[in-house]
K.L.:
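The structure that follows is given in the form of structure tokens.
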Amino acid sequence: MQKNESGLKVQLSEKGIRLTRQRRLLLDLIEEASDHLHASDLVKFALERGEKIDRATVYRTLGLLKDQGLIEELDLLHLDGPEHHYEAITRKSHIHIGCTKCGKIMEFETDLVANIEDEISCETGFLIRSTRVEVSALCPDCQGKEREKA
Ligand SMILES: [Zn+2]
Ligand SMILES: [Zn+2]
């Protein structure tokens with residue numbers, strides 16, 4: 001394996017899954033993303049890099065990565081529609097807070113999630129694979145606007 005392979009690619013090949021050109025590109029895009037991605041974002045970003053990948057391939061690859069526990073599928077309260085978002089699980093444990101008014105999503109890093117997982121594992125014997133916490137809220141900006149109107 002090449003030295004400069006990134007986390008997701010290393011993890012995937014360690015699981016014995018072949019890194020095709022398209023998988024490689026999608027993994028790069030997911031890892032480089034600073035935001036939560038839609039499947040359609042991935043099609044668009046791939047195209048910007050001169051690669052044509054159809055939605056079906058993107059969905060198949062996302063499904064594969066999800067099954068392997070490498071990415072998380074989020075609905076983020078469906079604030080911007082029915083599509084799901086994806087992010088790499090390699091990132092630090094965080095919860096998502098969504099503003100129900102403007103749709104802004106904030107990530108809040110906390111060890112609380114890990115603590116909850118420990119507690120659940122200890123008390124139930126379940127082996128936790130992932131935990132998703134999504135908080136529906138009103139952001140400071142929108143709270144300001146609500147006050148102006150009142
Ligand atoms: Zn807001
Ligand atoms: Zn996130």
Side-chain angles (χ1 to χ4, degrees), residues 4-15 17 19-20 22-49 51 53-122 124 126-150:
N4 58 356
E5 293 287 40
S6 65
L8 284 179
K9 277 181 281 192
V10 171
Q11 288 183 58
L12 201 62
S13 39
E14 276 173 3
K15 289 170 189 283
I17 291 163
L19 282 171
T20 60
Q22 294 193 325
R23 283 181 189 156
R24 233 171 239 282
L25 175 64
L26 291 175
L27 290 170
D28 282 339
L29 294 173
I30 293 168
E31 271 186 331
E32 288 163 20
S34 54
D35 217 338
H36 308 95
L37 294 168
H38 286 312
S40 51
D41 294 328
L42 288 167
V43 174
K44 195 178 77 197
F45 294 155
L47 212 56
E48 284 170 8
R49 297 206 184 175
E51 289 275 349
I53 304 182
D54 59 47
R55 270 176 98 92
T57 306
V58 169
Y59 275 116
R60 248 196 331 272
T61 307
L62 289 171
L64 171 83
L65 297 174
K66 209 178 88 172
D67 289 346
Q68 296 298 325
L70 299 182
I71 59 168
E72 177 82 279
E73 186 173 28
L74 309 162
D75 59 35
L76 297 179
L77 306 156
H78 285 303
L79 292 174
D80 66 351
E83 265 200 289
H84 284 176
H85 302 248
Y86 301 88
E87 72 181 359
I89 284 183
T90 47
R91 298 172 58 192
K92 198 174 181 316
S93 152
H94 59 270
I95 64 176
H96 295 103
I97 305 167
C99 176
T100 50
K101 191 131 196 222
C102 66
K104 182 161 46 204
I105 298 285
M106 197 187 104
E107 295 197 328
F108 184 76
E109 287 188 0
T110 170
D111 294 328
L112 279 176
V113 179
N115 296 346
I116 292 170
E117 290 181 342
D118 285 347
E119 197 173 327
I120 294 171
S121 285
C122 280
T124 66
F126 275 64
L127 185 65
I128 313 291
R129 299 183 72 188
S130 70
T131 304
R132 198 191 296 171
V133 181
E134 298 187 345
V135 178
S136 145
L138 202 56
C139 77
D141 288 345
C142 291
Q143 286 172 47
K145 280 174 205 146
E146 291 272 291
R147 269 195 299 271
E148 277 163 34
K149 265 195 302 181

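We count ligands from 1, going down the list as the structure has it; atoms in each ligand are counted the same way.
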K.L.:
Does any donor atom in the side chain of S121 or D118 lie under 3.5 Å from an acceptor atom in the other side chain?
P.N.:
no

K.L.:
Among the N/O/S atoms of E107, which is closest to the Zn ion (ligand 2)? Give the atom name.
P.N.:
OE2

K.L.:
Just wondering, do H84 and H78 contact through their side chains at under 4.5 Å, heavy atoms?
P.N.:
yes

K.L.:
Among the N/O/S atoms of E87, select the one at the shortest distance from the Zn ion (ligand 2) and name it.
P.N.:
OE1

K.L.:
Is the backbone N or O of H38 less than 3.5 Å from a side-chain atom of D41, with the two atoms forming a donor-acceptor pair by type?
P.N.:
yes

K.L.:
May I ask you to check whether over 12 heavy atoms, not counting those of K66, lie within 6.0 Å of atom NZ?
P.N.:
no

K.L.:
Could you tell me whether the Zn ion (ligand 2) has an N, O or S atom of H96 under 2.8 Å away?
P.N.:
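Of the N, O and S atoms in H96, at least one lies under 2.8 Å from the Zn ion (ligand 2), which means yes.
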
K.L.:
Tell me the angle that SG of C139 and SG of C102 form around the Zn ion (ligand 1), rounded to 10°.
P.N.:
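The two atoms form an angle at the metal of about 110°.
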
K.L.:
Mind reading off the angle at the Zn ion (ligand 1) between the SG atom of C99 and the SG atom of C142, rounded to 10°?
P.N.:
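About 110°, to the nearest ten degrees.
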
K.L.:
Will you find, in the side chains of H36 and E87, an N or O donor that is under 3.5 Å from an N or O acceptor?
P.N.:
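Their side chains do contain a donor-acceptor pair, which is all the 3.5 Å distance test asks for.
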
